[in-house]
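Beneath this line is the structure, given in structure tokens, with notes to follow.
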Amino acid sequence: MRQLFTLPRGLRWAPVAALALGACSPKATSVVTTPAPSTAAPAVAAAPTPPPAGPAFEIPVEYYTLPNGLKVVLSPDHTAPTATVAAYYGVGFRTEPRNRTGFAHLFEHLMFQGSQNLGKNEFIGLIQKNGGALNGSTRFDFTNYFEVVPAHKLETILWAEADRMRGLAITQVNLTNQQGVVKNEVRVNVLNQPYGGFPWIDMPMKANKNWNNAHNFYGDMSDLDAANLADTKSFFKTYYAPNNAVLAVVGDFDPAEAKAWVQKYYAAIPSAPQPPKPDIAEPRQEQEQRFSKDDKLATKPALAFGYHMPERNTPEYYAMIMLDQILLQGNDSRLYQALVQKRGYTDNVSGGINYLGNQFNYNGPMLWMGDLVFDPAVQADSVVRVLDQEIDRLARTGIDQPTLDLALVKIRSAFYDQVSGSDNFGRADLLAAFALFDNDPSRINRLEGEFRKVTPELMQKTIREYLRPTNRTIITVNPLAKS
């Protein structure tokens, strides 16, 4: 329950699961995307040539904003008798106060401690007793909560989620209890684990210069202890207001009925003034950075690399996602073939864009990262040399259209798997993120078109600017435990 992150393995279009909100109209507005006549996703071929241009189907999207600022996304899907409710709040690691590291994550835990009409842990019991599942997580640019329930229980869950948004049970007892829970989580997941925090905490702290992007977001022990009741109440009133949130509903429901329930339970929740958005910009990196850390629990050395990403939604951003496919995703990727199959330096190399989510659900500076645990007989410089060789080969010989086509096939396959999953969370995640960051959840239907615009020339331009060694940070782990 309340899982903070899923560690990266392969292409992720959704976390087991970013902050600048678009202006909200004071009046409710509605934008509807009507599905195409055929909604069946085509089978993904193994051949590298992608299907003809144009989406095979459109995900239905109805989007509107309540007068209190709550953004609402409805996406019916009648393939299974379930409904998914996802509440996304525009506050994450980048937004938490200085000297309160880990506060956003601490608050995620507090959201399960009771509300106006549900006592401690009764929210969890309500979902589970109705045959549902739930979770929550804290990310760079949002905190989310989601529930998957039988379709006929949708109204019940909308009421329960609204009850938390309307008023949380914030008490000293709950705060003290959850401070202990989070500190124990830090001990278990970071301090007492081999490779704990590597590289998902370590790399952002080393590669970035802006405190908002570079602090220990899991939480320093002294900062977690320093959180007080006044901080907590102020944080909730400010960041958990409807005008800093998105509600996404996906699944087997009638849109008119769902809209009526949303109006009934959410419309009267008051909005709150929002503070200025923090400056989260990162300067252009001009020199390679290298760091090492001793790990008393690790038995083998490890290495991670991180490159600053292009700005989100630019042509180079989509090109970088395709480069991630070519270099790092799957057993056919260049780095897997070079490091595992050809040289045997390691048995796996993994990574991607946004270790704490996916390549779409963030809204600020981001890193393309990779990591591996390697044989003690291998020097770290040898691993870096292979990385440089594979990138240089792409820069020197270029990337032909068949290679781009294969990358697109892999991207489409992962996308259709995610948005058609039985729990519908992958679809809800993208819809909520695009509403939160872009005020445009219908972007979900235009993603494939953006990837189709990527050309070999754009790939070369992206490699030269973003995969240069001077844009890179490398962290190595020195193992101190006996094997």
Side-chain angles (χ1 to χ4, degrees), residues 7-10 190-209 214 216 285-309 320 323-355 366-397 399 462-483:
L7 292 184
R9 287 297 180 266
V190 179
L191 301 180
N192 296 325
Q193 280 280 347
Y195 315 104
F198 175 82
W200 45 280
I201 292 178
D202 298 332
M203 186 61 77
M205 292 179 66
K206 297 298 187 182
N208 294 318
K209 301 303 180 185
N216 178 6
Q285 185 172 329
E286 302 289 356
Q287 291 184 330
E288 182 187 64
Q289 303 181 99
R290 294 205 180 195
F291 303 92
S292 64
K293 62 178 291 189
D294 292 339
D295 190 329
K296 64 182 181 180
L297 300 176
T299 59
K300 290 184 177 182
L303 181 143
F305 55 84
Y307 294 79
H308 291 280
M309 281 283 294
M320 194 66 210
L323 282 166
D324 172 54
Q325 282 293 312
I326 294 167
L327 282 166
L328 200 53
Q329 301 304 329
N331 291 354
D332 62 340
S333 66
R334 303 297 176 90
L335 290 175
Y336 184 91
Q337 288 294 314
L339 291 166
V340 180
Q341 296 291 91
K342 183 177 180 180
R343 293 173 178 83
Y345 288 176
T346 179
D347 61 1
N348 188 46
V349 56
S350 61
I353 299 164
N354 186 13
Y355 268 39
M366 187 49 63
L367 299 166
W368 176 63
M369 293 164 52
D371 67 274
L372 65 152
V373 176
F374 57 92
D375 192 292
V378 176
Q379 296 297 313
D381 282 345
S382 298
V383 176
V384 176
R385 191 175 303 116
V386 173
L387 172 64
D388 284 334
Q389 288 171 354
E390 293 304 314
I391 292 174
D392 289 346
R393 184 175 291 114
L394 290 179
R396 186 175 62 255
T397 64
I399 299 174
T462 304
I463 291 170
R464 288 193 299 269
E465 171 58 22
Y466 294 98
L467 294 185
R468 53 187 167 82
T470 52
N471 189 40
R472 178 171 69 198
T473 299
I474 292 175
I475 302 175
T476 54
V477 172
N478 177 33
L480 300 182
K482 295 181 180 180
S483 60

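Note that the numbering runs from 1 along the sequence shown for the chain. The structure presented is a predicted model; accordingly, all values stated were derived computationally and were not measured.
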Side chains of [X] and [Y]: closer than 4.5 Å at any heavy-atom pair?
X: Y307; Y: W368; result: yes
X: L467; Y: L394; result: no
X: L372; Y: L303; result: yes
X: L367; Y: H308; result: yes
X: D371; Y: P199; result: yes

Residues in side-chain contact (heavy atoms from CB on, under 4.5 Å) contact with [X], at least two apart in sequence or another chain:
X: P194; answer: L297
X: Q379; answer: S382
X: A298; answer: Y195, D295, V477, P479
X: D375; answer: A377, V378

[X]: salt bridge (Lys or Arg N to Asp or Glu O under 4.0 Å) partners, not counting sequence neighbours:
X: K293; result: D202
X: R385; result: none
X: D347; result: none

Return the minimal non-hydrogen interatomic distance between [X] and [Y], and the atom names on each side.
X: L480; Y: K296; answer: CB-CA, 3.8 Å
X: L328; Y: G352; answer: CD2-N, 3.7 Å
X: K300; Y: F374; answer: CB-O, 3.8 Å

Qualifying residues under side chain to side chain donor-acceptor pair (under 3.5 Å), relative to [X], sequence neighbours excluded:
X: D381; value: R290
X: E286; value: R284
X: N192; value: none
X: T397; value: none

If I take atom [atom1] from residue [X] and atom [atom2] from residue [Y], how far apart are they, to the nearest 0.5 angstrom?
X: I326; Y: L335; atom1: CD1; atom2: CG; answer: 11.5 Å
X: I475; Y: F291; atom1: CD1; atom2: CZ; answer: 7.0 Å
X: D324; Y: M369; atom1: CG; atom2: CE; answer: 12.0 Å
X: Q193; Y: F198; atom1: CD; atom2: CZ; answer: 14.5 Å
X: Q285; Y: K209; atom1: CD; atom2: NZ; answer: 7.0 Å
X: Y336; Y: Q329; atom1: OH; atom2: CD; answer: 13.0 Å

Side-chain donor or acceptor of T346 paired with backbone N/O of V340 under 3.5 Å: no

Under 3.5 Å: donor-acceptor pair, side chain of E288, backbone of N471: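 Answer holds: no.
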
Derivation and outcome, side chain to side chain contact (heavy atoms under 4.5 Å, CB included), residues L323 and I391: CA-CA 10 Å; L323 282 166; I391 292 174; over 6 Å; no

Summary of salt bridge (Lys or Arg N to Asp or Glu O under 4.0 Å) pairs that have at least one residue in residues 329-344, sequence neighbours excluded: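 Pairs touching residues 329-344 that pass the test: D332-K410.
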
